[in-house]
Colleague: 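Dropping the structure in here first, questions after.
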Amino acid sequence: MTRRPTAILAALAAAFLAATALTGTAHAEEVEHIDNGTFDGTTAPWWNTPNTPIAAVDGRLCAEVPGGTANPWDASIGHNDIPLVDGDAYRLTFTASATASGPVRANVQLNETPFTTALSREVVLTTTPQTFTYEFDGNIDSTNGAFTFQLGGSANPFTFCLGDVSLTSEGSAGGGGPEQVENGDFNDGTAGWYSYGTTSTAVLDGRLCSEVPGGLANPWDAGVGQNGVPLVAGSAYTFSFDASAAPGATVRAAVQLGVDPFTAYLSRDVTVTGETQHLEFTFTSPVDTDQAQVAFQVGANPTAYTLCLDNVSLLGGEEEPPYVPETGPRVRVNQAGYLPSGPKGATVVTTATEALPWQLKNGGGTVVASGQTAPRGTDQASGQNVHTVDFGSFKTVGTGYTLTADGETSHPFDIAGDVFKQLRSDSSSSSTPSAAASRSTVG
């Protein structure tokens, strides 16, 4: 088929735009800070003042607001655990209505004295649901933020209803940096993960799935997680995971100390449904520890359910230092020992290219022999620059000798006539079959 010129031009234009998009500035992924902004059968984790009861009604949170309160904050609802980061861009959106038209106040603020606000807006409600959107920049750094509606100050009672709540910020607020969770994609099965209180936990279709019994009294009566997670004080972290539950359930996701008193540095009660959700939270570690854990506390649901997790990640902190094998002192001797009249050689791993002084000391630390090393260049097997030491002229029997060169001291060794006797004994015992194994059957 032959394309007309206009079609070709359109295709070229589309390709150009696609290339431009690919080479443009990358933007950080937005992070959602509201749990259960659609109120799917529950209002958790939203809170309310005692005089303002709340309930989930047809996918909305509805609050019964009393009349006659003096101040806006005398009747309030809200959502805690909002991370506030100075300079980060935020976007707030929600739909709200009231049975009586009038103003309420929406705040994103510090959840402790002095209750500094990053956003404070008077919202004029009507009986018809309206969608409100606000964009603002963070002005403080705190993991203890809150999103609140101050509903008081009205002379007459009314019903306030809220739905489709979202508060996002760019993901730069959380931890970039290295991954602290091992096997978070479960490609290695359940390796590195623990479980307790569940009837079974296994990897199914690339996800970690746990059968959780119903009727457990507390969230922590059953759980899955990973121990030995390092945290660095003052470092920002992003904790994220994909989760589903059949039927739906409430799960507590936490990053906490893995030993008593199990202090929580991040804790969220999340509503998990049959549809897989991606959940992401940020926090700043207040401590240095290598005993933290990523934990999913899965108890306290009335009925049994299946929880499935995938892509569990904790980004932030520091890279794990590279593994450096322990090779012992750079002065390497025969730790089995040496025969009095036999050869006695040692190797010194060093960057020096000129001969170095060495000293042989007895078990009491007295220098009994000394000399100069012989530079040998690069050892082909190890790739290390080495010198050799020859102290074969020293023949005094003794124990606990050490050889020192280039600021390093060898492991202790003996000079004795029977140093290889134990080696022969060990070799003999390890190669001799047991009586049972050496029997033959004659047919």
Side-chain angles (χ1 to χ4, degrees), residues 31 33-36 44-47 78-85 109-115 140-147 173-184 192-198 201 208 210 212 216-241 243 249-272 279-301 307 309 312-320:
V31 178
H33 301 299
I34 297 295
D35 300 336
N36 190 25
W46 293 74
W47 55 262
H79 185 301
N80 291 337
D81 300 319
I82 304 296
L84 300 175
V85 179
Q109 64 184 87
L110 191 63
N111 196 29
E112 58 190 352
T113 305
F115 300 101
I140 53 176
D141 286 308
S142 175
T143 58
N144 189 24
F147 173 43
E179 177 62 72
Q180 304 299 343
V181 169
E182 298 180 4
N183 190 30
W193 291 85
Y194 67 79
S195 64
Y196 68 93
T198 62
T201 296
L208 182 73
S210 288
V212 185
L216 299 175
N218 304 296
W220 52 86
D221 288 342
V224 297
Q226 183 170 126
N227 289 324
V229 176
L231 297 177
V232 178
S235 289
Y237 292 83
T238 295
F239 178 40
S240 63
F241 55 92
T250 298
V251 174
R252 179 168 295 169
V255 180
Q256 63 184 37
L257 188 63
V259 295
D260 193 52
F262 298 99
T263 306
Y265 312 122
L266 171 78
S267 181
R268 298 287 190 276
D269 288 339
V270 296
T271 301
V272 185
L279 299 161
E280 191 166 307
F281 309 101
T282 60
F283 71 101
T284 300
S285 174
V287 298
D288 283 311
T289 181
D290 57 2
Q291 298 189 76
Q293 64 181 192
V294 167
F296 295 90
Q297 298 174 354
V298 298
N301 286 273
L307 172 72
L309 299 168
V312 184
S313 171
L314 181 66
L315 294 176
E318 296 177 349
E319 294 279 2
E320 183 177 356

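These numbers come from the heavy atoms of this one structure, side chains and all, not from hydrogens, waters or symmetry mates.
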Colleague: Quick one: which of Asn227, Asn183, Thr201, Leu309 gives a side chain to side chain contact (heavy atoms under 4.5 Å, CB included) with Trp193?
Modeller: Asn183
Colleague: Taking all non-hydrogen atoms of both residues into account, name the closest pair between Ala300 and Pro219 and its distance.
Modeller: CB-N, 3.6 Å
Colleague: Backbone N or O of Val212 within a donor-acceptor pair of the Ser210 side chain at under 3.5 Å?
Modeller: no
Colleague: Nearest 0.5 Å, please: how far is CD in Glu280 from CZ in Arg268?
Modeller: 12.0 Å
Colleague: Could you tell me whether the side chain of Glu179 and the main chain of Leu314 form a donor-acceptor pair under 3.5 Å?
Modeller: yes
Colleague: Look at the rings of Phe281 and Phe239 and say which category their plane angle falls in: under 30° parallel, 30 to 60° tilted, over 60° perpendicular.
Modeller: tilted
Colleague: Taking all atoms of both residues into account, what is the closest heavy-atom pair of Thr282 and Thr238, and its distance?
Modeller: CG2-OG1, 3.7 Å
Colleague: Quick one: are Val312 and Val294 in side-chain contact, heavy atoms under 4.5 Å?
Modeller: yes
Colleague: Taking C-beta and beyond as the side chain, do Val224 and Tyr194 meet within less than 4.5 Å on heavy atoms?
Modeller: no
Colleague: Is any side-chain heavy atom of Val229 closer than 4.5 Å to one of Val255?
Modeller: no
Colleague: Are the side chain of Gln180 and the backbone of Gly316 linked by a donor-acceptor contact shorter than 3.5 Å?
Modeller: yes
Colleague: So Ser142 and Leu110, side chain to side chain contact (heavy atoms under 4.5 Å, CB included) or not? Walk me through it.
Modeller: CA-CA 7 Å; Ser142 175; Leu110 191 63; 3.4 Å; yes
Colleague: Could you give the distance from OG1 (Thr284) to CG (Leu231), rounded to the nearest 0.5 Å?
Modeller: 11.0 Å
Colleague: Can you tell me how far CG of Asp269 sits from CG of Asp81, rounded to the nearest 0.5 angstrom?
Modeller: 9.0 Å
Colleague: Aromatic ring centroids of Tyr237 and Phe283 under 6.0 Å?
Modeller: yes
Colleague: Within the side chain of Asn301, is there an N or O that forms a donor-acceptor pair under 3.5 Å with the backbone of Gly299?
Modeller: yes
Colleague: Could you tell me whether the side chain of Arg252 and the main chain of Ala295 form a donor-acceptor pair under 3.5 Å?
Modeller: no
Colleague: Begin from the C-alpha positions of Gln293 and Gln256 and carry the test side chain to side chain donor-acceptor pair (under 3.5 Å) through to its verdict.
Modeller: CA-CA 6 Å; Gln293 64 181 192; Gln256 63 184 37; 2.8 Å; yes
Colleague: Report yes if some heavy atom in the side chain of Ser313 is under 4.5 Å from a heavy atom in the side chain of Val181; otherwise report no.
Modeller: no
Colleague: Are any side-chain N or O atoms of Trp220 and backbone N or O atoms of Val298, one a donor and one an acceptor, separated by less than 3.5 Å?
Modeller: no
Colleague: Quickly, which of Asn111, Ile140, Asn144 forms a side chain to side chain contact (heavy atoms under 4.5 Å, CB included) with Leu84? Name it, please.
Modeller: Ile140
Colleague: For residues Ser285 and Val232, report the shortest heavy-atom separation together with the two atoms involved.
Modeller: CB-O, 3.5 Å
Colleague: Under a 4.5 Å cut-off applied to non-hydrogen side-chain atoms, are Phe262 and Asp260 in contact?
Modeller: yes
Colleague: Any sub-3.5 Å donor-acceptor pair from Gln297's side-chain atoms to Ala222's backbone N or O?
Modeller: no
Colleague: Any side-chain to backbone donor/acceptor pair from His79 onto Ile34? Under 3.5 Å, distance only.
Modeller: no
Colleague: Is there a donor in the side chain of Trp47 and an acceptor in the side chain of Asn80, or the other way round, less than 3.5 Å apart?
Modeller: yes
Colleague: Which heavy atom of Asp288 sits nearest a heavy atom of Ala233, and at what distance?
Modeller: OD1-N, 2.9 Å
Colleague: Okay, side chain of Asp221, backbone of Leu216: is any donor-acceptor separation there less than 3.5 Å?
Modeller: no
